[in-house]
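Okay, so here's the structure we're looking at.
Computed from heavy atoms alone, side chains included, the values below leave out hydrogens, waters and symmetry copies. Below, chains carry the letters A, B, ... as their sequence lines are ordered, and counting in each starts from 1.
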Amino acid sequence: MELLERLAECIETGKADEATSFLPEQRGEKGASELTMEALDLGFSPGEILSEALIIGMNRIGDKFSSGKAFIPNLLISAKAMKAAMIHLEPFFKTGEAQYKGTFVLGTVQGDLHDIGKNIVKMVLQGSGWNVIDLGTSVSADKFIKAVEENDAKFMGMSALLTTTMLNMDKISSELKSRFGDLKVFLGGAPLSQQYCDKIGADGYFADPRSLVKYLETY
Amino acid sequence: MKDTNRPDIENFVKTLWGKKGNFVPICELGVHPEIKGKIIGRPVQSLQDDVEFWYKAGYDYVKLQPIADFNPMNIGTGSNLTFKEDGTLQRKWASESQGVISSWEDLEKYKFPSKEDFNYSKFEKVRELLPEGMGVIGQYGDIFTMTWEMMGFEGFSMALFENPELIDELNKRLGELVLSMFEYFAQSDIVDILWISDDIAYTNGLLMGPDVLDRYFFSWLKKIGDLAKKYNKPLIYHTDGVLWDVFDRIVECGVNALHPIEPKAMDIKDVKERYGDKLCLIGHVDVDLLCRGSKEDIRNKVRENIEKAAFNGGYCIGSGNSIPEYVNFENYIALLEASKEFGKYI
């Protein structure tokens, strides 16, 4: 099988390296880590490896997740394989030889400690070639402002689990949007809806990370 | 809300069996102590206070749990995990990354309770406190939830691929402990109804694949369903989320009533059409509506739910999850009042 396709398959199935043993049909074979190094040695550019293999693999598992054919653990194991590959590409991003699609600031809204959903969004965004600044949980407007400013980010996302914490998004979204005119603010989480997003003037509500990624591709 | 209440456990049980009683009952899994206190006019500090709440609010039952500490050695309390007063893991904030058990060594070091440690004194004491016509629900759950919470959600997810035997053993220990509670409930002459709660889904889908849920949840639900059937008591099951892919499994396990038909996940009309002949449905008044809606919104929603789901019995009015402390109290009263207004079969 062609090298980049094998690499994409390793990302999709979660085969991080040769030692990954839970896939009987791939036991003893190279994983995402080894194949990424091999691709670099063969002269594939970091950008090509990212877009033609890693993102392809993450998109496949992301699509399966969106259609209910894969579940959160599948995303997580694929993200682990993605991390194993990205370790070899990160130096190229630092030198500027490879480029992220953009920077996305992410956090759970102030007062809310829930982060599983946010972490999944982070993994899917990273897997799609985005640089994600994860601010963690219970993030205040000031913290979002600082991160957007320092990273010159054009996109940010907030998540919430409860109706009460969701209400904090209104003030934070308004403050960020009035401060940064070209910033797009996206919302997600169990109590959220497009109706609430429209009410507070945010730019989009997404029920799952894959639909957010697809939307970002339009920019 | 009327001053006199006549609990009718027989009507409630009849509804749970999918039949049509004299009126549509109300039903909740959980009501926050602050809300309970507002109903009875003082803090809820005793079993008697609790019974008074369920009675005054118009429910046909008192819901009881055994006192159980699943972390008697307070392992991991210094981490981001928090614990409720009864020692069970806090379920409000799901634990990220690694929990208290991520290896066989952690499992062997962890001190589990034994079933003999569970305290059922409330079930004995309630006998003399129950008003006429009022019954008892025995409730517990979270076999699957405690399994992943103790490992951390990410830890559990990775272990599915990398160390499934560890999950098997942890799940077995927790399952046997919780099953023993349902053995008590089933055999107790004071308990009328069994209620298991264990979230397996969220707004957009299942938390895990059906094969994972079969292994770590449905196998236990079947055992509990068999107990309920053996002792002829209805079994209520609570889970949030979209359940279309597992409805048949839920029915096969012996569940008689499903709660709360989370409004953002499923429409009650659809559920009634497809499974109304197999399951009593409970709930479906959105918690967000109870928080931010108007009293008229609540009244309309209760009426709408009754029209869609109670026409041939097999429906109980309630929230789309629970009544937390941040629900608008006037809206909760509106829910109770609307239930009385629209819930009588003519």
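Chain A forms more heavy-atom pairs under 4.5 Å with one residue of Asn204(B), Val212(B), Asp240(B) than with any other, namely Asn204(B). Ranked by heavy-atom pairs shorter than 4.5 Å toward chain B, the options Gly68(A), Pro191(A), Ala70(A) are led by Pro191(A). Ranking Leu167(A), Thr20(A), Asp208(A) against chain B, the residue ahead of the rest is Leu167(A), based on heavy-atom pairs under 4.5 Å.
The two atoms that bring Phe65(A) and Tyr202(B) nearest to each other are CZ-OH, 3.3 Å, heavy atoms only. Pairing each heavy atom of Pro210(B) with each of Phe71(A), the nearest pair is CD-CZ, 3.7 Å. Nearest approach of Pro73(A) to Met208(B), heavy atoms of both residues: CG-SD, 3.3 Å.
Heavy atoms of other residues, nucleotides or ligands lying less than 6.0 angstrom from NZ of Lys295(B) number 12 at most. Counting non-hydrogen atoms of neighbouring residues, nucleotides and ligands closer than 6.0 angstrom, the NZ atom of Lys64(A) reaches no more than 12 such neighbours. Under a cut-off of 6.0 angstrom, the local environment of CD in Glu25(A) is crowded, with over 12 non-hydrogen atoms contributed by other residues, nucleotides or ligands. Enclosure of atom CD in Gln195(A) is not indicated, since only 12 or fewer non-hydrogen atoms of other residues, nucleotides or ligands lie within 6.0 angstrom.
Once rounded to the nearest 0.5 Å, the distance linking OG of Ser21(A) with CD of Glu162(B) reads 8.0 Å.
Inspection of non-hydrogen atoms places Leu76(A), Ile77(A), Lys80(A) of residues 75-83 of chain A under 4.5 Å from chain B. Residues of residues 54-63 of chain A having a heavy atom under 4.5 Å from any heavy atom of chain B: none. Against chain A, the residues from residues 283-292 of chain B that qualify, each with a non-hydrogen atom under 4.5 angstrom away, are Asp288(B), Cys291(B), Arg292(B) in number order.
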Apply the test side chain to side chain contact (heavy atoms under 4.5 Å, CB included) to residues Thr13(A) and Phe161(B): give CA-CA distance (whole Å), side-chain angles for both, the deciding distance (0.1 Å), then the verdict. CA-CA 11 Å; Thr13(A) 59; Phe161(B) 300 95; over 6 Å; no
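Taking 4.5 Å as the limit, every side-chain heavy atom of Asn119(A) sits out of range of all side-chain heavy atoms of Phe153(B).
For chain B, no part of Leu23(A) is nearby; none of its heavy atoms comes within less than 4.5 Å. Proximity to chain B (any heavy atom under 4.5 Å) is restricted, for Leu192(A), to the backbone atoms N, CA, C and O. Using a 4.5 Å cut-off between heavy atoms, Leu160(B) touches chain A through its side chain atoms alone.
Contacts classified as salt bridge (Lys or Arg N to Asp or Glu O under 4.0 Å) and involving residues 204-214 of chain B (residues at least two apart or in different chains) are given here: Asp214(B)-Arg249(B).
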